[in-house]
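A short write-up of the structure that comes next.
Just so you know, these numbers come straight off a predicted model, no measurement behind them.
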Amino acid sequence: MNTMHDKNGFTLIEMLLSIGIIGLMVVTTTTFQRDIFYLNNTIQSSLNAQLDARHVVKVMVAELRKASQSAVGSYSIALASSTGVTFYSDVNSDGLQDQVRYFLSGTTIQKGVTAPTGSPLTYTVANEKITTLINSVLASSTVPLFQYFPASYSGTSSPLSFPIDIPSIRLIKITVMIDNDPAHSPAPITATSQVTLRNLKDNL
C-alpha cells in the first residue's frame, strides 16, 4: 500500500539555494551602492580640485601682472624656475611691494608672502607667511609648473631654457595638473593660463 505524504516546508537543498540567492543579492546591492558612493565622491572631489586650481591660477596671474620693482629697489622678479617663481607685488594693497613666491613642495603648491618692514625697509625671511594652496599636484618634466617666454614670443615659439635669464622674461605660462588618486579614474585635471608682466613690457 502506497502511503501519500504531504510535502510541507522547504527541503535542505531549497533552503541553501534560497540563502545563496539572497546572499548574492545582498552582495550585489552592497557593491553597487559602494561603487556609486565612490563615483560620487570622486566626481565631487575632481570638481572641487578643478575649481580650486582655476582660482589659484587666476590669483597667480593677477599678482604676477602687477609685478614691479621691490620696495628696496630690487628687480621685479627675484627667482624663476620650473617649480617656483619669486617676485614683488603689492598683494596686501598697502602701497608697498611684498615679496611673493609660489613654489611646489612635494605635491603641494604653497604661497609665501613677506611684507617689507623696518627703516630702512627690508624683507626678513623669518617674517614670511606661508599658506598651502593646492594638494595632489603632479610634477612633470615635460609640462613644468612655470614656463617663461621672451618679448619675441609669438604663441608657438619655445620657452626660455633653464637656467632662466630673468631680465628676458616678458610672459609666464602657468600649468597646474592635479590628480587626487593616480591609481583610478578620472584623468588628471589641468588648469593653465599665461600672463604678460605689465610693468616689463618693451616699448617697441
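Side-chain contact between Ile178 and Leu138 is absent, with no heavy-atom pair separated by less than 4.5 Å. Looking only at side-chain heavy atoms (C-beta outward), Leu79 and Val85 stay at 4.5 Å or farther from each other. Residues Ile109 and Asn135 have side chains not in contact (no heavy-atom distance under 4.5 Å, counting atoms from C-beta outward). With contacts defined as side-chain heavy-atom distances shorter than 4.5 Å, the pair Thr192/Val176 does not qualify. Side-chain contact check for Thr86 versus Gln99: some heavy-atom pair is nearer than 4.5 Å. Leu133 has its side chain within reach of Tyr102: a pair of non-hydrogen atoms, C-beta onward, lies under 4.5 Å apart. No side-chain heavy atom of Pro150 sits less than 4.5 Å from a side-chain heavy atom of Arg170. Residues Phe103 and Ile130 form a side-chain contact, since some pair of their non-hydrogen atoms from C-beta on lies under 4.5 Å apart.
Inspection of the Asn127 and Thr114 side chains reveals no N or O donor paired with an N or O acceptor under 3.5 Å.
Closest approach of Ala67 to Asn199, counting heavy atoms only: O-ND2, 2.9 Å. Taking all atoms of both residues into account, the shortest heavy-atom contact from Gly95 to Asp90 is N-OD2, 2.9 Å.
Cluster partners of Tyr123 are Val72, Tyr88, Leu96, Leu121, counting Ile, Leu, Val, Met, Phe, Trp and Tyr whose side-chain heavy atoms approach within less than 4.5 Å, directly or via other members.
Summarising the geometry, atom CD1 belonging to Ile166 is positioned 8.5 Å from atom OH belonging to Tyr75; distances are rounded to the nearest 0.5 Å. Here CD of Gln147 is found 12.0 Å from OG of Ser161. Values are rounded to the nearest 0.5 Å. Atom CG of Leu64 sits about 6.5 Å away from atom CG of Leu197, to the nearest 0.5 Å. Atoms OG1 and NZ, on Thr131 and Lys111 in that order, are 6.5 Å from each other to the nearest 0.5 Å. The structure places CZ of Arg65 at 11.0 Å from OG of Ser89, a figure rounded to the nearest 0.5 Å. Note that CD1 of Ile134 and NE2 of His55 are 9.5 Å apart. Values are rounded to the nearest 0.5 Å.
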*Going through the distances and angles, do Ile169 and Leu160 end up as a side chain to side chain contact (heavy atoms under 4.5 Å, CB included)?*
CA-CA 8 Å; Ile169 299 173; Leu160 293 168; 4.1 Å; yes
*Does the pair Gln97 and Ser68 meet the rule for a side-chain hydrogen bond (donor to acceptor under 3.5 Å, both in side chains), with working shown?*
CA-CA 8 Å; Gln97 304 303 311; Ser68 60; 3.2 Å; yes
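The hydrophobic clustering, which links ILVMFWY residues whose side-chain heavy atoms are closer than 4.5 Å, places Val195 and Phe149 apart. Note: the hydrophobic cluster containing Leu171 does not contain Val57 (ILVMFWY, side chain heavy atoms under 4.5 Å, direct or indirect links). With hydrophobic clusters built from ILVMFWY side chains whose heavy atoms lie under 4.5 angstrom apart, Tyr153 does not share a cluster with Val61.
A donor-acceptor contact shorter than 3.5 Å links the side chain of Tyr148 to the backbone of Ser81. With Asp98 contributing its side chain and Val91 its backbone, the two residues share a donor-acceptor pair below 3.5 Å. In this structure, Ser74 contributes its side chain and Ser70 its backbone to no donor-acceptor pair below 3.5 Å.
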